[in-house]
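Right, one structure below, let's go through it.
So you know, we letter chains A, B, ... as the sequences are listed, proteins then strands, and number each from 1.
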Amino acid sequence: MNYSIDIDKKWQVYWEKIGLFKVDTQDAQKQKYYCLVMFPYPSSELHVGHARNYVIGDAVARYKIMQGFGVLSPMGWDAFGLPAENQAIKRNIHPKTWTFRNIERITEQLKSWGIGYDWAREVTTCKPDYYKWTQWIFQQLYKKGLAYRKEAYANWCPSCKTVLANEQVIQGQCERCQSEVEQKKLRQWFFKITEYAEKLLSDLDLLGDWPQKVKLMQNNWIGKSKGVEIDFPIDGTKNSLRCFTTRVDTLYGATFIALSWDHPIIDELIGAHPRKEEIKCFIDKVKNQPVSARLMDNFEKEGIALDAYAVNPMNNEKIPLWIANYILTEYGTGAIMCVPAHDQRDFDFAVKYRLPIREVIRNPHAEEDSGRLTQAYPGEGIMVNSGEFNNSTSEDAKEKIADFLEKTGRGRRQFNFRLRDWLISRQRYWGAPIPMIYCEKCKEVPVPEDELPVLLPEDIEFLPTGQSPLTYVEDFLNTCCPQCQGPARRETDTMDTFVDSSWYFLRYISPHEDARPFDTATANRWLPVDQYIGGVEHAILHLMYSRFITKFFYDQKLIDFKEPFKRLFTQGMICKDGAKMSKSKGNVVSPDYIITQYGADTMRLYILFIGPPQRDAEWQDEGLMGCWRFINRVLRLLDQYREYKESEVDELNSEEQLLLKKTHATIKAVTYDLEGDFQFNTAVSKIMELVNHLYKLLDTGQLRKPIFHDVLEIIFLLLAPFTPHVSEEAHSCLGNQDSIFRKPWPEYEQKYLEEEEIEIPVLVDGKLRVRIKVHVDWQQKEVEKEALAQERVQLFLKGHPPKNIVYVNRKILNIVTK
RNA sequence: GCCGAGGUGGCGGAAUUGGCAGACGCGCCGGUCUCAAAAACCGGUGGGGGCAACUCCAUGCGGGUUCGAUUCCCGCCUUCGGCACCA
C-alpha cells in the first residue's frame with residue numbers, strides 16, 4: 001500500500017461523521033482536558049512554520065482522547081486588527097471581506113491537515129456576538145474604576161497618520177514605513193493593569209508548569225523594585241520634591257537632583273527665572289528628541305541647571321536642581337537624587353557639568369587610597385563620608401537610614417513597578433468600538449448594557465487622515481445621551497486587539513450564550529486551560545493581559561480560578577535558510593504542495609520529528625522525504641502481513657520474546673516522552689527503531705502471524721496522534737470496525753521489560769574494553785570474577801592487580817589500575 | 001549594560017539521577033533490481049593511524065572535582081532571544 005491524499009480525505013470525512021472532536025461540556029462522566037492552541041490572526045494562508053502550533057496541539061488532543069479524557073479543542077479567529085485595515089486602504093477591499101476570505105482559506109487548510117476541532121465552538125472576535133462581550137468587559141472595568149481616560153503621549157507615525165502600538169515600533173521607527181515615530185499627546189483610554197501588578201507577579205509562583213523563561217520575562221516586565229521614597233524640601237519654599245531610590249544608603253553622596261523635562265514643579269520654579277527662555281528651549285529640545293536617539297549606546301546626556309536647591313534631609317546640605325534628558329517621565333516620581341560616585345549615569349553627567357562627586361561607599365576590593373574615582377562604584381561596601389553611619393556596611397545602612405527617614409517623616413519604604421497601565425485606544429476602524437458616549441452636561445457616560453453591542457458601521461471610507469474613519473460617520477458619531485437624552489457624541493476610537501484576545505478562551509466554553517459572556521458554572525468546570533500552546537512571541541503581552549482579565553473576573557466572582565492557563569508550552573519557530581519563514585523574505589514552504597504530493601501525515605510527522613519542539617528548527621526538504629519513506633515503510637508492513645502465512649502460537653520463541661520486549665519498551669518510552677515536555681522527536685525515533693527491529697525479524701522468518709498482528713496494532717496506536725490518517729487506515733486494514741481513537745492508549749506490561757541476563761560494559765581506567773553477560777541478580781563479586789576472567793581485561797591489566805573496582809549495579813564495571 | 005537559552009559528526013539532532021558519546025533521520029559511499037535511470041530495498045559511514053586484530057584523539061576553549069564528566073564547579077570565547085538610561 002502506498003500513502004496518498006485519498007487516505008486523508010477518507011478519514012477526515014469519517015471523523016467529521018463520528019464527531020470525534022465534538023465535546024459535551026456538561027458530560028460529567030469523563031475527566032476534562034482543555035487543550036488550547038493560540039488562535040491565529042487570519043492575515044494570509046498558513047505556511048509550514050505556522051503549522052507547527054496546530055500539529056502539536058492536535059497530537060496532544062488526540063493522545064488525550066485515546067487516554068479517555070473528554071477533550072475540548074476549539075478554534076477561533078483573532079480577527080480585528082490593523083493589517084485588515086491596511087489592505088482596505090491599499091486595495092480598496094473591505095476589511096471584513098478580506099478577513100472572512102482568509103478565515104475560509106485557513107479553515108480549509110487546517111481541515112486538509114486533519115487538525116481536529118470542535119468547529120461548533122468557533123469564535124470570531126470581529127463578529128458582533130463576540131465583541132458585544134468585549135465591550136461589556138470594558139464597562140465592567142469602567143464601573144470598578146479600572147478603565148479610565150487620561151492625556152498621554154502615544155507613538156505617532158507622521159506618515160501613516162496613526163497611533164501605533166508599542167509593539168509596532170521597531171527601534172523607534174514605524175514598522176510599516178520606517179518613519180521616525182513621534183510622541184504625541186492624546187486623550188486615551190487605559191486599563192489599570194498596574195492595580196494588579198503585585199498579583200500578576202506573585203501568582204507566577206502558581207504557574208509551576210510554565211516555562212521558566214516566560215515567567216522570567218514577565219517578572220522583568222513587571223519589574224518590582226524595593227526602595228525608599230524621600231522628600232527633599234526645596235530651599236526657600238514650603239514645597240518639597242519626592243524622589244524614589246533603591247539605594248538609600250548612598251543618600252549622603254547625593255550631590256544634585258535631576259528632573260525629567262515634564263516634571264510639574266518646573267513651571268513653578270521658572271516662573272520668574274531670568275533664563276526662562278533658555279530653559280524652555282532646552283525642554284522643547286528634549287521633548288522632541290526622537291525615540292530612537294534614546295536607544296543609541298552613545299546617547300549624549302544633557303541637562304540644564306535651574307538655579308534652585310533642595311535640602312538633603314540627612315545633612316541639611318543644599319544640592320542643586322537640574323533638568324536632565326536621561327530622566328524618565330513615566331517611572332517613579334520623574335525626579336531622582338543623583339549620586340555620581342555610585343551610579344554611572346550620574347557620574348557621566350557630573351563629570352560633564354563639573355558637579356561634585358562624593359564617595360560614600362568604599363569598594364572593599366579597591367586598593368587603598370585609590371585617589372579620584374574614574375568610574376562609579378555601584379556595589380556594596382563600607383560607609384564613609386556618611387556621618388553617624390560611617391563604618392557600617394551599606395546593607396545595614398540601607399535599613400538604618402530608611403528607619404531614620406520613616407521616623408522623622410521625611411520618607412517611606414516603597415515598592416515601584418515598571419509595568420505601565422495598558423493603553424487600549426486605537427484611532428483605527430477595524431476594532432471593537434469603545435462603548436462610551438460624551439455629553440456636554442453629563443460628560444462621560446457608558447452605553448447602557450442593554451444597548452450593546454455598539455455596532456461597527458460597515459459602509460465607510462478608508463482614508464488615512466489621522467483620525468478613526470468612524471469620526472466621519474455622522475450616523476455613528478451623533479447619538480443622544482443615555483442619561484439626559486440630550487445630544488451627545490460617541491467615542492470613535494476602537495479597542496486594541498489584545499483586548500479581544502484577552503478572554504477568548506472563556507468564550508469557547510459557551511460560544512452561543514447571548515445573555516452572558518460565558519456560563520460561570522461550566523467555565524469553572526473546564527478552566528483553567530490544561531494545556532496552552534503557542535509562540536513565545538506572546539510571552540509578555542497576550543499572556544499578561546489574559547492573566548489580568550482573569551484576575552479581574554475572579555475578583556468579580558465571575559470565575560473561581562486565579563490563573564487562566566495551567567500549563568504553557570511555547571514552540572520554537574521553523575526557519576528556512578537560516579531565517580524565520582516569511583512571505584517578505586520569500587522563504588516560505590507552502591503546505592499545499594506537500595499535502596497533495598505526500599499527504600498530511602508526512603508533513604505532520606516531519607514537523608514533529610524535525611527537532612525538540614520548544615526550540616527553533618531548520619526546515620529541510622530531504623528531511624520531509626525521510627518521513628515520507630518511513631510512512632510507506634510502515635504501510636508496507638500491512639502488505640506483508642496480509643500475505644503472511646497463518647500459524648498458531650502457544651509459546652513465544654526467543655526472537656518473539658525479544659520483539660515484545662522492544663515493543664513494550666517502546667510503549668513506555670513514547671508515553672514518557674509525551675507526558676514530559678512533549679519530546680515528539682524522540683518519541684517518533686523510538687517508533688522508527690521498533691519498525692526497523694520488526695523488519696529485521698521478518699527477514700529471519702522467526703515471527704508468527706498472531707504476534708506480528710499484536711505488534712502492528714501497537715505500532716499504529718503509538719503513531720496515531722502523529723499520523724492519524726495512516727494509523728486509522730491501518731487500523732481498519734487490520735480488521736477493526738471502530739475508530740483507532742476509540743481505542744485506549746496502549747499500556748506496557750512490566751513482565752516484558754524484566755530480564756534475566758544483562759550486558760555489562762567493562763571499563764579499564766575509564767575506557768570500554770569488553771562487554772560481559774551477567775545474571776541480573778549477580779553481586780559485585782560475581783561480576784568482578786567474570787570480568788577479570790576476560791582475556792582482554794587481563795591484557796590491559798598488564799599483569800598488575802587492580803587498585804580499585806567500581807561496580808554500579810546492573811550498569812557498569814570500572815577496573816582501576818592507577 | 002542586565003536577564004535568559006544554546007554551542008555534540010558533512011547536516012537536523014540522541015544520551016533516565018555523573019556510567020558504553022553520536023540513537024533516529026538526512027546526506028554521502030558501496031551493492032541488489034534495471035538496457036539505463038529514478039524509485040525502492042540491503043550494507044557501510046565521527047576523525048587520525050594500521051593489511052588487520054586493534055589503537056589513539058574527540059561533545060566551543062582553559063582549569064577543577066571524580067574510579068568515571070556532553071552532564072557538576074570555576075574562568076573565558078561565541079551564537080541566538082528578551083529588556084534596555086527603570087534611579
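The side chain of A/P612 lies closest to B/rA14 when the candidates are B/rA14, B/rA23, B/rC20.
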Open item on the list: Is there a salt bridge (Lys or Arg N to Asp or Glu O under 4.0 Å) between A/E380 and A/K398? Walk through the geometry before answering.
Closed with: CA-CA 10 Å; A/E380 305 290 345; A/K398 232 173 247 174; 3.1 Å; yes
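Judged by the 6.0 Å distance and 45° axis criteria, A/K301 is positioned over the aromatic ring of A/Y326.
Within 4.0 Å of A/D616, counting heavy atoms only, lie sugar-phosphate atoms of the nucleic acid but no base atom.
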Expected rows: protein N/O vs nucleotides 67-76 of chain B N/O, under 3.5 Å:
{"from": "B/rC67", "atom 1": "O2'", "to": "A/N814", "atom 2": "ND2", "distance (Å)": "3.4"}
{"from": "B/rC67", "atom 1": "O2", "to": "A/N814", "atom 2": "ND2", "distance (Å)": "2.7"}

Distances under 3.5 Å between nitrogen or oxygen atoms of protein and nucleotides 53-56 of chain B:
{"from": "B/rU55", "atom 1": "OP1", "to": "A/R769", "atom 2": "NH1", "distance (Å)": "3.4"}
{"from": "B/rU55", "atom 1": "OP1", "to": "A/R792", "atom 2": "NH2", "distance (Å)": "3.4"}

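Between A/Y644 and A/D639, the side chains place no donor N or O within less than 3.5 Å of an acceptor N or O (distance only, hydrogens not considered).
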TODO: Could you run through nucleotides 2-11 of chain B and give me one letter per nucleotide, 5' to 3': B if any protein heavy atom sits under 4.0 Å from the base, S if only the sugar-phosphate is that close, - if neither?
DONE: -SS------S
Open item on the list: How would you summarise protein contacts on nucleotides 38-43 of chain B per nucleotide, using B for base, S for sugar-phosphate only and - for none, with heavy-atom distances below 4.0 Å?
Closed with: --SSSS
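Ring pair A/Y353/A/F349 is tilted by interplanar angle, where 30° to 60° counts as tilted.
When side chains are defined from C-beta on, A/T245 counts as touching A/V248, because their heavy atoms get closer than 4.5 Å.
Atom C1' of B/rG44 sits at a distance of 22 Å from the matching atom of B/rC57, rounded to the whole Å. Across the C1' atoms, B/rU71 and B/rG22 are found 15 Å apart, a figure rounded to whole Å. Between the C1' atoms of B/rA21 and B/rU59, the separation comes to 7 Å (whole Å).
When each of A/N681 and A/L768 is assigned the nucleotide of RNA chain B bearing its nearest heavy atom, the one mapping closer to the 5' terminus is A/N681.
Within residues 242-253 of chain A, the residues that have a heavy atom under 4.0 Å from RNA chain B are, in order of number, A/F244, A/T245, A/T246.
Checked options A/D249, A/T250, A/I357, A/N363; the residue passing with A/H342 is A/T250 (criterion: side-chain contact (heavy atoms from CB on, under 4.5 Å)).
Atom CZ of A/R810 and atom C1' of B/rU16 are 16 Å apart (whole Å).
With hydrogens and angles ignored, a donor-acceptor pair under 3.5 angstrom links the side chain of A/K811 to the base of B/rU17.
Regarding contacts with the backbone of B/rC24, every side-chain N or O of A/T682 stays at 4.0 angstrom or more from both OP1 and OP2.
Paired runs in RNA chain B that reach 3 or more consecutive Watson-Crick or G-U pairs, where each pair keeps both distances under 3.5 Å, cover B:1-7 with B:77-83, B:10-12 with B:24-26, B:27-32 with B:40-45, B:46-49 with B:54-57, B:60-64 with B:72-76.
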